[in-house]
Protein chains: 2
Amino acid sequence: MAPERISDAEHAVMEVLWQRSPLTAADVADALADARDWSLQTVKTLLSRLTNKGAVSYDQDGRRYLYSPILAREDYVGDESRRLVDRLFGGRAAPLIAHLAEQKTFTAEDLAEIERLIGELKS
Amino acid sequence: MAPERISDAEHAVMEVLWQRSPLTAADVADALADARDWSLQTVKTLLSRLTNKGAVSYDQDGRRYLYSPILAREDYVGDESRRLVDRLFGGRAAPLIAHLAEQKTFTAEDLAEIERLIGELKS
DNA sequence: TCGTTTCGATTACATCCGTAGTCGTACACC
DNA sequence: GGTGTACGACTACGGATGTAATCGAAACGA
């Protein structure tokens, strides 16, 4: 039972549920209306696939379902981050940071924030 | 001409070419033999798809092709990293680092290395 | 020269993914 | 109580992906 991968489109649905839940399919579609141009049916398909993958569950509310995430965002983010670090940086996180640094991905605030984090970790 | 995405399997092939090139299809398959259990035909299919995507080129050597990467690893890694940061951390890299930190992904050396990097960036 | 091997090109095929449409049914409204 | 409507379930379908098999031609070996 390797944890089923979650696709990009499915991930967008998860983000909605991670922000607020439980929600009906229509609620999720509404929340996504700005970001993605999906029909209600599309959102329902994605919710159904996520249910099959064990990433969301639902409670029946009359004739509708109220969906909630089972998979925690923390876990998802952790898995995805680790995947990237493994695939591209040989499992070491420092090279990732070096890379981001070279890309000038960091703002001054970021730098301060990171420095603070590092300080914390060292103590 | 949105840059064609490179799949996981294709990426494995790219890594080989990034390490050493030009190579024949058979060379690439050999290099991958340990990591993935692929037939030569599979490797050839992947090389062909990568060629179509413009990620690799070849020079003809008699009856064979000698493949070389066109896409630079730097660029690929940059794109993938940015994708992740955008998708999961709102485009900010600091939260990624915070997350990795919480996961204890860093060794003492990593911390020293990162600190050095940050110091460099600030100056 | 003629069969065998080896190439790249073409074709195959199951699964996943993005993006819906359709179907049967339980309610809500008139 | 009939009927439209909204819901989840099921079906659809083209493109991407993983993983090859097959084909036609060229080169090599005997």
Side-chain angles (χ1 to χ4, degrees), chain A residues 1-17 21-68 76 80 83 87, chain B residues 1-17 21-68 71 76 79-80 83 87:
Chain A
M1 58 184 87
E4 307 247 22
R5 297 246 29 235
I6 287 176
S7 78
D8 254 39
E10 288 159 2
H11 169 235
V13 169
M14 290 304 292
E15 287 291 348
V16 171
L17 292 175
S21 76
L23 293 179
T24 68
D27 290 339
V28 173
D30 277 1
L32 285 167
D34 284 353
R36 333 277 285 224
D37 196 18
W38 285 337
S39 81
L40 176 57
Q41 280 316 311
T42 296
V43 173
K44 286 181 177 179
T45 298
L46 294 172
L47 281 167
S48 157
R49 286 179 183 169
L50 285 167
T51 301
N52 287 332
K53 291 184 181 179
V56 316
S57 65
Y58 55 82
D59 283 321
Q60 201 137 9
D61 169 39
R63 206 149 66 86
R64 304 169 312 166
Y65 289 170
L66 294 178
Y67 295 92
S68 302
Y76 176 75
E80 291 296 304
R83 261 179 63 81
R87 262 186 351 118
Chain B
M1 55 183 89
E4 306 247 22
R5 295 239 42 227
I6 288 175
S7 78
D8 253 39
E10 287 158 1
H11 169 236
V13 169
M14 291 303 293
E15 288 290 347
V16 171
L17 292 175
S21 76
L23 292 179
T24 67
D27 290 339
V28 173
D30 277 1
L32 283 168
D34 283 353
R36 332 277 287 224
D37 196 19
W38 285 337
S39 81
L40 176 58
Q41 278 317 311
T42 296
V43 173
K44 286 180 178 180
T45 298
L46 294 172
L47 281 166
S48 156
R49 286 179 183 168
L50 284 167
T51 301
N52 287 332
K53 290 182 181 181
V56 316
S57 66
Y58 55 82
D59 281 323
Q60 202 139 8
D61 169 39
R63 204 151 66 86
R64 303 166 315 165
Y65 288 171
L66 294 177
Y67 295 92
S68 303
L71 176 64
Y76 176 75
D79 288 352
E80 291 296 305
R83 263 179 63 83
R87 259 184 356 113

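Below, read A as the first sequence line, B as the second, and so on, with proteins coming before strands; counting in each chain starts at 1.
- In this structure, Gln60(A) places its CD atom 14 Å from C1' of dC27(C), rounding to the nearest Å.
- Ser7(B) comes within contact range of the sugar-phosphate backbone alone, with a heavy-atom separation under 4.0 Å but no base atom that close.
- Residue Leu23(A) contributes atom CG, which lies 13 Å from atom P of dG8(D) at whole-angstrom precision.
- Distance, Ile6(A) CD1 to dG18(C) C1': 16 Å, rounded to whole Å.
- Here the CG atom belonging to Asp30(B) is positioned 9.5 Å from the CG atom belonging to Leu23(B), to the nearest 0.5 angstrom.
- A donor-acceptor pair is defined here as one N or O able to donate and one able to accept, closer than 3.5 Å; no such pair exists between the side chain of Ser48(B) and the backbone of Lys44(B).
- The aromatic rings of Tyr67(B) and Tyr58(B) sit perpendicular, their planes meeting at an angle over 60°, well past the 30° parallel limit.
- Heavy atoms of Asp37(A) sit under 4.0 angstrom from primed sugar atoms or phosphate atoms, though from no base atom.
- At whole-Å resolution of the value, CG in Leu40(A) and P in dC7(D) are 7 Å apart.
- A donor-acceptor contact under 3.5 Å links the side chain of Thr45(A) to the base of dA20(C).
- Each of Ala25(B) and Lys53(A) was matched to the nucleotide of DNA chain C holding its nearest heavy atom; the match closer to the 5' end belongs to Ala25(B).
- In the interface, the side chain of Arg63(B) is not paired with the base of dA27(D) through any donor and acceptor atom under 3.5 Å apart.
- Taking 3.5 Å as the limit, the base of dA12(D) and the side chain of Gln41(A) contain no donor-acceptor pair of atoms between them.
- Residue contacts shown for Thr42(B) include a base, since a base heavy atom lies under 4.0 Å away.
- Residue Glu10(B) forms a salt bridge (Lys or Arg N to Asp or Glu O under 4.0 Å) with just one option from Arg36(B), Arg49(B), Lys53(B), and that option is Lys53(B).
- Per the geometry, CG belonging to Asp8(A) stands 15 Å off P belonging to dA16(D), to the nearest Å.
- Donor-acceptor pairing under 3.5 Å, judged by distance alone, is absent between the side chain of Arg49(B) and the base of dT10(C).
- OP1 or OP2 of dC7(D) has not a single side-chain nitrogen or oxygen of Thr24(A) nearer than 4.0 Å.
- One interatomic measurement links the two molecules: CG of Leu50(A) to P of dT19(C), which rounds to 14 Å at whole-angstrom precision.
- Counting to the nearest Å, the P atom of dA12(C) and the NZ atom of Lys44(B) are 19 Å from each other.
- For dT17(D), the base has no donor-acceptor partner in the side chain of Arg5(A) [N/O atoms by modelled type, under 3.5 angstrom].
- With values rounded to the nearest 0.5 angstrom, Leu50(B) atom CG is found 8.0 Å from Leu17(B) atom CG.
- Side chain Arg36(B) to base dG18(D): no donor-acceptor pair is found below 3.5 Å.
- Separating the CZ atom of Arg64(B) from the C1' atom of dA9(C) is a distance of 18 Å, rounded to the nearest angstrom.
- The phosphate of dG8(D) (OP1 or OP2) has no side-chain N or O of Tyr58(A) nearer than 4.0 angstrom.
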